[in-house]
Protein chains: 2
Amino acid sequence: MGAAPTTERGRSTRQRIVAAAREVVAEKGASAASLDDVGARAPASRSQLYHYFDDKNDLLKAVAEATNEMVLGEQQELFAGLGTWEGLVRWTDALVAIQERHGGEGGCPIANLLSQVGEHHDQIRVVLTSGYDRWEEHIRAGLTAMIASGELRPDTDADWLATSTLASLQGGLVLTQARRDPRSLRRALDGALALVATYRSGERLGDTDRGRPPAV
Amino acid sequence: MGAAPTTERGRSTRQRIVAAAREVVAEKGASAASLDDVGARAPASRSQLYHYFDDKNDLLKAVAEATNEMVLGEQQELFAGLGTWEGLVRWTDALVAIQERHGGEGGCPIANLLSQVGEHHDQIRVVLTSGYDRWEEHIRAGLTAMIASGELRPDTDADWLATSTLASLQGGLVLTQARRDPRSLRRALDGALALVATYRSGERLGDTDRGRPPAV
DNA sequence: GAAGTATTGGACTGTCAAGTCCACTTGGGG
DNA sequence: CCCCAAGTGGACTTGACAGTCCAATACTTC
């Protein structure tokens, strides 16, 4: 950890650096992102970087934290609706829509950081893991609410479904990133929805409304 | 593409280089893997590397191909059994067992390459995508066989379930890689199994044997 | 307005890795 | 035995990047 900024000005400089670093890392990958790139984009000089961060890894750790906030932040409103089936479907639609806007490029920024730096830097891995934990917890909370409201049967295992749903999402993003085709994510999330649907109260196999037919 | 080897000796040198490169890349990541590392491990000298490959990216493309073969190769026998429910369960057990052996480290080598280089090098991305396509096709073929044998209902959408299952696997690997805990993969694959199970002939919701209870 | 602290600028250095070059060896065919 | 192409060895060049250093400037506090 570099020096914590004590003034407003320092805080804003530090924040500018992290934001710039997050962008550069997202665009070029963590290894290819040079401190010169970051400094040019912030803008900030070399000594500013080393004033606020010990070294590149320290900066990447801050980037990991910022990435968590960004990814979870852009779903904040959607998370609030996860307590109903319609909200769950809306959430999946929004995730697919995001990928469609990007042409299937990019994948999940958290997963990318994990592959690029998390695997070899435990501190950063732990940060990214906490992002996944929070993500999963939002899903679990939604499912739990649906159980409480009677929308899902009482024997539903919310922990299991939450992990499984997040995994479908992440895997769908990986396939979409590889294929540049958001339909892989759509199918993956339809799978997750269909599994949750088997726990809807009053549902019977064969007449289950899975919310949508498999899109492709 | 560098020179294709014409002699037996040349072929074995080239092959040694690719194998060494695949290992080094798996251990240190694609960017951190230097040609010196690869040369030292092969062993092969600098000019041999540039004799057989145009540049580092060309070598990484060969690494991507070798990685596909390795990942799919180690599942070859298991793929053959995917035409039955028991074979499907065995396959998931084997995948979890592999992760347990590695302590949850590493994730999927194909996904790692995708994040590290595929996102910015289209040729390599296409190679990795073909790996995923083959993987998915093996699953699809197994499901199709189960439909043909009557084990799954005729209205089962094998394409959808195959994509969804591969996504659960990939996402489970991502979460396992982050958490260093193979239980995330177990849960994800149990989700995939449970979804397939809803299409087993004669099954009714509520008395469905999903093959296993959610493990954790 | 002076002293002290936080913040900033940018030149400089050492290291390391990609890619080049050329001389050398090996091995099979005439 | 000689020739020639395939294969091999490793020193060298070039460039980029992380990290250092020190002086300059902006605030803050009294």
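Model, not experiment: these values are computed from the prediction. Residue numbers start from 1 in every chain, and the chains themselves are labelled A, B, ... in the order their sequence lines are given, proteins ahead of strands.
In terms of the ring pair (Phe, Tyr, Trp, His ring centres under 6.0 Å) criterion, A:His121 has no residue partners (sequence neighbours excluded). With sequence neighbours excluded, the residues that form a ring pair (Phe, Tyr, Trp, His ring centres under 6.0 Å) with A:His138 are A:Phe79.
DNA chain C is contacted by B:Ala33, B:Ser34, B:Leu35 of residues 21-42 of chain B, taking any non-hydrogen atom closer than 4.0 Å. Heavy-atom distances under 4.0 Å link DNA chain C to B:Arg46, B:Ser47, B:Tyr50 of residues 45-52 of chain B, given in residue order.
The shortest side-chain heavy-atom distance between A:Asn57 and A:Leu60 falls under the 4.5 Å cut-off.
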Verdict with reasoning, A:Leu161 to A:Thr156, per side-chain contact (heavy atoms from CB on, under 4.5 Å): CA-CA 8 Å; A:Leu161 285 184; A:Thr156 308; 3.5 Å; yes
side-chain contact (heavy atoms from CB on, under 4.5 Å) between B:Leu166 and B:Leu169, worked out: CA-CA 5 Å; B:Leu166 181 56; B:Leu169 166 53; 4.1 Å; yes
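The phosphate of D:dG7 (OP1 or OP2) has no side-chain N or O of B:Ser12 nearer than 4.0 angstrom.
In this structure, a donor-acceptor pair under 3.5 Å is absent between the side chains of B:Arg134 and B:Ser130. No side-chain donor-acceptor contact under 3.5 Å links A:Arg140 and A:Thr163. No donor-acceptor contact under 3.5 angstrom links the side chains of B:Thr13 and B:Gln48, judged on distance only.
Rounded to a whole Å, the CG atom of A:Asp55 is 13 Å from the C1' atom of D:dT20.
A donor-acceptor pair under 3.5 Å is absent between the side-chain atoms of A:Arg22 and the main chain of A:Ala66, judged by distance alone.
Heavy-atom distances to DNA chain D give each of A:Arg9 and A:Lys56 a nearest nucleotide, and the one nearer the 5′ end belongs to A:Lys56.
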Identify all side-chain donor-acceptor contacts of residues 104-112 of chain A below 3.5 Å with residues at least two apart in sequence or on another chain.
residue	atom	partner	partner atom	Å
A:Asn112	OD1	A:Gln177	NE2	3.3
A:Asn112	OD1	B:Ser115	OG	2.8
A:Asn112	ND2	A:Gly106	O	2.6

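In 5' to 3' order, the nucleotides of DNA chain C bounding all contacts with chain A (an atom under 4.0 Å from a heavy atom) are C:dA6 to C:dA11.
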